[in-house]
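A short worksheet on the structure shown next.
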Amino acid sequence: MKCLLNDKNKSKIGPDRLSVMALTAYLSLALSTDLRAGESLLAYWTTAQSVQERESALKSEFDKVGLDLTVFAKFKEFNDEIKSKSPSFVIAPAEFEFVNNEYVPIVGFDGPAGKPNFKYQFYTLADGGVPDVANSKLGVVEQADRAEIKEVIGKLSKKIPKSIKTVSKSEDLFPLLVFKSADVIMLSPQDFESLKEKFTTAVKVIGESEMIDYPKIYVKKGQDAKTVTEAIAKLSSDGLKKVGFSSTRALLGGAK
Amino acid sequence: MIFIKKLASRVVGFLAVIFLLQESGIGSSKPKVVVIRKASPDYQIVSEGLKRELERSYELGELTIAKDTSFDEVRSYLENEKPSLMVLMDNQSIDFGMQYNAKVGSPNQRIKGLGMMGLNLGNIIQKSDDLAGIAYESPAYSLVTQFRFVVEKPIKKVTVLYRKKFFSNRIEEARQQLGKEKIVLHAVAVDDSGDDEASIRSRLEAELEKVKQTGYTDAVWVLLDSVLLKPQWFKEIWTPIARGAKAPFLVETETLARKDIDFGTFATTPNLQDLVGQAVQIVDAIALDGTSPKEIGVESVVSVNKILNKARITSIGINIKSDNLDDVKVIE
């Protein structure tokens, strides 16, 4: 609350101060070069797979191109980390606007059928009626701040639902539906297939979203990422397949 | 010169008033939300989570109560704070909130709210028009489906022993939810032939004995009922049977799945971080969107932690699907 400034504490620029400034300048220069060992790659995308599964499939692949991958289980943790650390590289769903404002896509993932995009599907209980998504309580995995979620989901689903219930991970969508806290849930067909191993509750598809790109790898705006982009585009597809992607594509215009 | 001095003094005075108003919260256009809670760690975790999530949109207050806190102390706090909404954690706080609303009488003076982290809220909050709730018990649907996912044994029939006087609604809800997973809930009301202690004990013993028979049930769901699980009965009836049966006992608290207790095979408990998210959505719905608490009703806990007692599951000879243990806390 209080901000106190004491003139006596203002240091003059002396040799010590200059050496700190020189070091800072040197570090800034070093950090602007392309592809550094151990550069952080923070990742979040909605999936029924656990963090451990995704990290064990992809970590060694990204190590090869000098990126230290950390996968986040929850949107909130990812969002907080990006805001506090401002990393150079992130993997995020294409619809994340806050990422799109500050980052440029350099590599896109293709889905299992080799396509770059998919549609979410809307599911409801098979033994119930067919609710209109626009009049429904729609259950979704959290992918924006509270203030923005309605707008983001409205864009994806073509209609703004009556209310939105968010959960932090896709496995919580089935309980949401069964407990009647939501009457429709939104899932990718891939996640639905994974969740069927855990839940056998019969559901039916009542609609689908706009076409959405699979997650992408982004680089901070203004950063040179040509070498990284080329290296990632050559990654082995074994690790990618384990997390449900078939291949990567370098995106035109993203890399310098 | 005098004019400038006067003007400067007025500006300084005006800024001081603005600062004081900001500090005191007077004039804030944000709705006020107060949390009334006990001091124990779980409440503190959730309260701090709520604070982080809500502080941008609400003015916040908090009252920590103890066992001996009186209703008058809570009433005086609420009269002083005049919140738009109260978050009541645990049964004592919920009871105070409901008493307050009953005493003020006029609908305009009643305070809407959310009751959470208390037991049996389905029955308690049902009586209130002003409160929505989140039941704190881990739903049977989550407990059984999560357990089924980590074991190779098929789970088609689950047995539960309960007191119909208090748990009928919960049992019926669980029966419908498990039915969607093609799991039969075999529920036995142990107060069916009398609700005195002797009758309940005798029925409980007889029904639990059946669980020891091979093929009688695939799992036992142990309800968190302070009467059926009273220490003496837990020691004399429940524990020997759980240790002698081949059926896993599924419990609603991590304590009962501890290795040293040697009782529960698997537990699910509310995930407190996600509980915060669930509560925030209800607070927003009531305070910002104008949804009536009655319309929201009492929600079930959606996100759970999973705990597996490895020694217990090994002793009853059930194989684990080790690939499915990523987010399960395994007690070795």
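Only heavy atoms go into these numbers, but all of them, side chains included; no hydrogens, no water, no symmetry mates.
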Quick check: are there more than 12 heavy atoms from other residues, nucleotides or ligands sitting under 6.0 Å from [atom1] of [X]?
X	atom1	answer
B:K156	NZ	no
A:E148	CD	yes
A:K162	NZ	no
A:K220	NZ	yes
A:K241	NZ	no
B:K51	NZ	no
B:K112	NZ	no

Next item on the list: May I have the step-by-step check of side-chain hydrogen bond (donor to acceptor under 3.5 Å, both in side chains) for A:K74 and B:Q273, ending in yes or no?
Entry: CA-CA 11 Å; A:K74 296 178 180 180; B:Q273 263 189 331; 3.3 Å; yes
Next item on the list: Would you sort out whether B:K321 and A:E197 count as a salt bridge (Lys or Arg N to Asp or Glu O under 4.0 Å), showing the intermediate values?
Entry: CA-CA 12 Å; B:K321 290 180 184 167; A:E197 289 174 31; over 6 Å; no
What distance do [X] atom [atom1] and [Y] atom [atom2] have between them, rounded to the nearest 0.5 Å?
X	Y	atom1	atom2	result
B:E173	A:F179	CD	CZ	8.0 Å
B:E299	A:K165	CD	NZ	3.5 Å
A:S50	B:D327	OG	CG	7.0 Å

Item checked: From CA spacing to verdict: side chain to side chain contact (heavy atoms under 4.5 Å, CB included), B:L54, A:R146 -> CA-CA 10 Å; B:L54 296 175; A:R146 275 154 54 221; 4.1 Å; yes
Next item on the list: Evaluate the side chain to side chain contact (heavy atoms under 4.5 Å, CB included) criterion for residues A:Q49 and B:D326: first the C-alpha distance (whole Å), next the side-chain angles of each, then the deciding distance (0.1 Å), finally the verdict.
Entry: CA-CA 10 Å; A:Q49 278 186 316; B:D326 276 349; over 6 Å; no
Item checked: side-chain hydrogen bond (donor to acceptor under 3.5 Å, both in side chains) assessment of A:D172 paired with B:S303 -> CA-CA 6 Å; A:D172 291 336; B:S303 177; 3.2 Å; yes
Next item on the list: Would you mind checking which part of B:E181 comes under 4.5 Å of any heavy atom in chain A, side chain (CB onward), backbone (N, CA, C, O), both or neither?
Entry: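 Both backbone and side chain of B:E181 come within 4.5 Å of chain A.
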Notebook entry, point to check: What part of B:V150 gets closer than 4.5 Å to chain A, counting heavy atoms only: side chain, backbone, both or neither?
Noted result: neither
Item checked: Toward chain A: residues of residues 139-148 of chain B with heavy atoms under 4.5 Å ->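 Interface residues of residues 139-148 of chain B: B:P139, B:Y141, B:S142, B:T145, B:Q146, B:R148.
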Next item on the list: Could you list which of residues 282-297 of chain B have a heavy atom closer than 4.5 Å to any heavy atom of chain A, in residue-number order?
Entry: B:I282, B:D284
Examine whether an atom of [X] lies under 4.5 Å from a heavy atom of chain B, and if so say whether it belongs to the side chain, the backbone or both; otherwise answer neither.
X	value
A:E142	neither
A:E77	side chain
A:S181	side chain
A:S163	neither

Note to self: Please identify, among B:E53, B:R56, B:Q278, the residue contributing the most non-hydrogen atom pairs under 4.5 Å to chain A.
What the structure shows: B:E53
Next item on the list: Among the options A:K169, A:K76, A:K180, pick out the one with the most heavy-atom pairs lying under 4.5 Å from chain B.
Entry: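 The answer is A:K76.
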Notebook entry, point to check: With respect to chain B, which residue among A:L176, A:T166, A:L173 yields the maximal number of heavy-atom pairs within a distance under 4.5 Å?
Noted result: A:T166
Note to self: Could you tell me if the side chain of A:D127 sits less than 4.5 Å from the side chain of B:K180, heavy atoms only?
What the structure shows: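 Yes, close enough: below the 4.5 Å cut-off.
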Item checked: Worked check of side chain to side chain contact (heavy atoms under 4.5 Å, CB included) between A:K198 and B:N324 -> CA-CA 10 Å; A:K198 189 173 271 187; B:N324 293 352; over 6 Å; no
